[in-house]
Amino acid sequence: MNAMTENWVEIGSINDIPLRGARCVEHGDMTIAIFRTSDDKIFALEDKCPHKNGPLSDGIVHDGCVTCPLHNWVISLETGQAQGADKGQSLSFPVQMNGNKILLSLRAKS
Amino acid sequence: MKQKLVIIGNGMAPGRALEKLLTLAPDLYEVTIFNAENRVNYNRIMLSPVLSGEKKFEEIIIHGDGWYIKNNVTLYKGHKITNIDRAKKQVTSEHGIVADYDKLIIATGSTPFIIPVPGHKLPGVLSYRDLDDVTAMMLAAKSRGSAVVIGGGLLGLEAAAGLKEQGMDVTVIHLMPTLMERQLDPAAGYLLQQELEQRGIKVLCGANTKEITSDTDGKVGAVHLEDGTVIPASLIVMAVGIRPNSKLAEQSGLDVNRGIVVSDNMQTSDPDIYSLGECAEVGGMCYGLVAPLYQMANILAAQLTGDETAKFVAQYTPTRLKVTGIDLYSAGDFAEGDDREEIVFRDAASGVYKRLILKDNKVIGVVLYGEASDGPWFFEKLKSGENIREIRDMLIFGQNAVLGSTNADPLAAVTALPDEAEICGCNGISKGDIVTTITKKGLTDLAAVRSHTKASASCGSCTGLVEQLMTLTLGDSFNANAVQSLCSCTELGHSDVRRLIKAKQLKTIPQVMQELEWQTSCGCVKCRPALNYYLVADWPNEYADDYQSRFINERVHANIQKDGTYSVVPRMWGGVTSAKELRAIADVVDKFDIPTVKCTGGQRIDMLGIKKQDLPAVWKDLGEAGFVSGHAYAKGLRTVKTCVGTDWCRFGTQDSTGLGIKLEKFMWGSWTPAKLKLAVSGCPRNCSEATCKDIGVVCIDSGYEIHIGGAAGLHIRGTKILGNVSTEKEVMEVIVAVTQMYREQGHYLERIYKWMDRVGLEEIQKQIMDDLDTRVAYYNGFVYSQKFAQVDPWSERVSGVDKHEFNPLATLALEPAE
């Protein structure tokens with residue numbers, strides 16, 4: 001299979017996620033957090049802060065970022081990169097919209 | 001049959017001994033006190049504030065009449081003991097009362113020394129010893145005439161300052177070349193003299209009194225000095241020292257030297273007779289300051305309960321002058337000598353003088369004038385004999401400089417720190433890191449420094465230090481006192497935002513951000529929870545709580561743990577539980593395989609390690625047993641700790657448990673700027689630790705003492721007394737009203753003690769204790785708000801609210817490998 005081809009899985013509707021909130025998708029041992037920003041953009045990150053594995057889906061969503069509930073690290077929803085002075089990165093996953101439906105690819109962005 | 005204990009004298013030393021004895025063994029003795037003064041026990045060292053008018057006599061009483069009745073102590077006021085019959089073990093008072101004793105305590109105190117110059121018996125010559133002297137002085141002061149104080153020691157100067165305060169023209173005559181020469185070195189004595197002279201008190205040192213002459217009415221008229229000076233005076237106070245009052249002991253055949261001779265366990269030469277206080281001589285020394293007298297009291301109390309191990313050990317006692325506005329502290333030995341070194345700090349402009357006397361790298365003496373807040377810390381060093389070589393460079397700047405905290409001459413201390421010195425302990429950030437980042441990135445405000453370095457971004461206790469580093473690096477362009485903006489999304493501070501929300505009737509977060517020109521589209525993790533709280537507090541009936549702007553704990557009504565699981569704490573009203581409740585908890589723990597069950601500090605039970613998706617089911621079972629959320633996660637009312645009060649406790653004065661439960665049932669569910677913890681103690685023994693809570697109640701015989709502004713976390717603070725009330729109804733009104741005032745004014749995450757520091761206790765007292773209309777208005781505001789807040793969030797969620805918080809959006813099957 002071509003490495004550029006994504007394998008999209010439908011995971012639910014945008015209306016299932018609160019505005020400026022997140023929901024989780026379970027995939028075996030891995031949990032992926034699906035975020036919805038105030039301008040209705042959807043992002044997917046592994047639900048693990050690079051700092052101490054805090055559940056990012058429980059954080060507060062603001063300005064394209066989420067703040068981890070454990071120690072307030074700020075993670076970019078787009079790249080999974082820690083912001084400011086912190087160093088680290090969470091896995092991020094491609095997301096696509098089909099109308100209201102959210103499609104997720106399980107192949108992490110590199 | 002109880003033993004009979006008779007105490008002669010009712011000063012501070014026997015008062016303390018008795019208090020201690022009653023605590024250790026309340027039922028061991030039948031106690032009788034004979035007091036020559038016609039009064040209850042009062043705090044003699046506070047006579048100076050009474051004289052200066054800063055305190056009233058009622059405020060310095062240690063034990064009022066009620067205390068003696070409550071403790072079954074017989075007190076004969078105005079009864080001087082004239083005879084001790086040691087063979088019969090009996091004492092007789094001047095009014096003919098005879099009392100038998102098994103143990104006797106002689107605490108006859110001391111008498112002021114009166115210089116026997118001609119004229120010393122004239123009316124108008126007083127000593128400064130008891131309340132009668134103070135009353136006489138205050139009466140004399142009404143004439144606004146001239147007063148002469150003979151003696152420039154501690155007492156004499158306090159008397160002089162008090163008389164000046166009462167409007168008299170005061171001269172101090174002192175025999176020695178500088179004031180307070182026993183406690184101060186000449187330099188500090190000189191500064192003190194200057195300060196007193198600036199206040200209009202004349203000071204004559206090296207002055208020897210020759211005689212006192214009368215005016216035409218036969219009262220005092222003037223003091224004549226050896227050098228021929230004549231000072232007119234209508235009042236003369238002699239404060240030249242005290243003499244142990246050992247006459248009675250001497251008449252009874254006990255060993256008497258300067259004072260009544262006692263061993264280091266306070267026993268006189270008669271094993272059934274003890275002595276303590278200013279009349280006692282232990283190890284060849286008589287004492288006049290309160291600390292050693294209290295030490296004697298503790299030892300005597302222990303002896304009387306059969307504990308013979310406690311022994312008196314001579315200690316240095318620090319001196320403080322109780323004259324408002326004069327900051328002075330001295331302790332230890334400050335004579336000069338070849339084997340001694342000294343560290344001296346002088347700041348002539350602000351009148352500060354500090355001198356430490358060292359011997360073999362240990363502090364042996366300290367004299368502080370003008371800025372004495374470090375006195376106790378230096379005294380600690382003196383007592384412990386700690387080797388100070390390591391901290392010697394910074395020592396004179398005091399505790400904060402040495403320990404690297406805020407306050408007192410802060411920049412000097414921060415400048416002195418090496419680059420690798422750790423500033424932020426939470427995040428391990430050094431001084432060098434911070435300074436470099438400020439310079440490199442051109443940072444100019446605290447928020448920026450926090451986000452770039454993390455320094456002071458966690459617990460915040462090093463904020464002061466970080467600000468000092470900013471001042472150090474940026475110079476005057478950095479002003480730490482400028483209003484801190486709420487966050488980097490706005491330039492407005494919390495107070496402005498709160499004011500504008502009300503003034504402009506802003507009722508949603510987007511509206512606030514729009515109207516107040518937020519610089520980000522949807523705020524940040526700092527401003528959104530703050531705005532959400534402000535709107536909840538200000539528009540309880542209209543605002544729709546924005547859960548996405550709440551921290552996760554308040555969003556899912558449980559406490560997140562380090563592994564992403566949650567802990568659950570149900571409410572136990574006032575800390576009271578039952579077999580049924582405990583059984584329900586046990587069943588839940590078994591059913592959900594909860595790994596840890598622990599008692600909290602707030603008298604309830606915490607179940608830890610619960611998976612998020614199990615929370616609603618856990619709450620369902622708990623709810624069936626009658627439990628509601630304990631809000632252990634909330635910036636809101638947490639616990640009301642109680643003790644068992646009159647229900648069970650033999651010391652309880654009021655129904656503290658019942659009151660605590662009433663408070664909790666009335667106030668649960670309310671959101672506040674920061675967490676709010678209450679406690680109710682049934683008596684001043686304070687078993688529920690009400691004096692370190694946000695709001696506390698200490699029950700007393702006559703009613704309730706309401707406390708406010710305590711903390712026992714990152715910062716430790718005792719409460720201040722908000723006021724006293726006599727009924728439970730008033731307690732409820734006051735506490736509810738002050739909580740509402742805090743809800744309306746507090747900055748988000750600002751604990752009640754910080755709010756109190758900001759607005760001032762007096763202002764709170766004025767609005768809540770003095771102005772009943774305001775109190776009622778706040779009370780009604782709270783009651784109205786509770787209509788919308790008192791909904792159990794757990795049962796809401798059991799019935800389906802916010803289902804999405806607890807369930808995954810999707811569960812995907814694992815794909816087969818390609």
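Hydrogens, waters and symmetry mates play no part in the numbers below; they use all other heavy atoms, side chains included. Lettering follows sequence order; numbering is per chain, from 1.
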## Note on the structure
One option among B:Cys522, B:Gly564, B:Ser549 has the most heavy-atom pairs under 4.5 Å with chain A, and it is B:Cys522

### Summary
Comparing B:Glu805, B:Lys562, B:His452, B:His804 against chain A, the one with the most heavy-atom pairs below 4.5 Å turns out to be B:His804

#### Entry: Interface residue of largest heavy-atom contact number with chain B, from A:Glu10, A:Arg23, A:His62, under 4.5 Å
A:Arg23

### Query
Parallel under 30°, tilted from 30 to 60°, perpendicular over 60°: which one fits the rings of B:Trp619 and B:Trp794?
parallel

### Task
Return the option, out of A:Gly28, A:Ser13, A:Cys65, A:Ser57, with the maximum number of heavy-atom pairs under 4.5 Å with chain B.
A:Gly28

### Task
Answer with side chain, backbone, both or neither: which region of A:Pro55 has an atom nearer than 4.5 Å to a non-hydrogen atom of chain B?
side chain

### Query
Is any NZ, NE, NH1 or NH2 atom of the basic residue among B:Arg555 and A:Asp58 found under 4.0 Å from an Asp or Glu carboxylate oxygen of the other?
no

### A:Ile14 vs A:Arg36 side-chain heavy atoms within contact, under 4.5 Å
yes

### Query
Are side-chain N/O atoms of B:Ser430 and B:Asp433 paired as donor and acceptor at under 3.5 Å?
yes

### Task
Look at A:Gly21, A:Ala22, A:Gly84 and state which one has the largest set of heavy-atom pairs under 4.5 Å with chain B.
A:Gly21

#### Entry: Between B:Ser567 and B:Asp606: side-chain donor-acceptor atoms closer than 3.5 Å
yes

### Contacting region of B:Arg528 [heavy-atom separation from chain A under 4.5 Å]
side chain

### Summary
When the 4.5 angstrom heavy-atom criterion is applied to B:Asp546 and chain A, the contacting part is side chain

### Residue A:Leu19 versus chain B: region with a heavy atom under 4.5 Å
backbone

### Message
Please classify the contact of A:Leu70 with chain B as side chain, backbone, both or neither, using a heavy-atom distance under 4.5 Å.
### Response
side chain

### Message
Within the 3.5 Å criterion, strictly below it, is a donor on B:Asp614 or B:Tyr566 matched to an acceptor on the partner's side chain?
### Response
no

### Query
Which bit of A:Asn53 comes within less than 4.5 Å of chain B, counting heavy atoms only: side chain, backbone, both or neither?
neither

#### Entry: Under 4.5 Å from any heavy atom of chain B - which part of A:Val74
neither

### Message
Could you tell me if the side chain of B:Pro793 sits less than 4.5 Å from the side chain of B:Tyr633, heavy atoms only?
### Response
yes

### Query
Using 30° and 60° as the class limits, which term best fits the ring planes of B:His557 and B:His631: parallel, tilted or perpendicular?
perpendicular

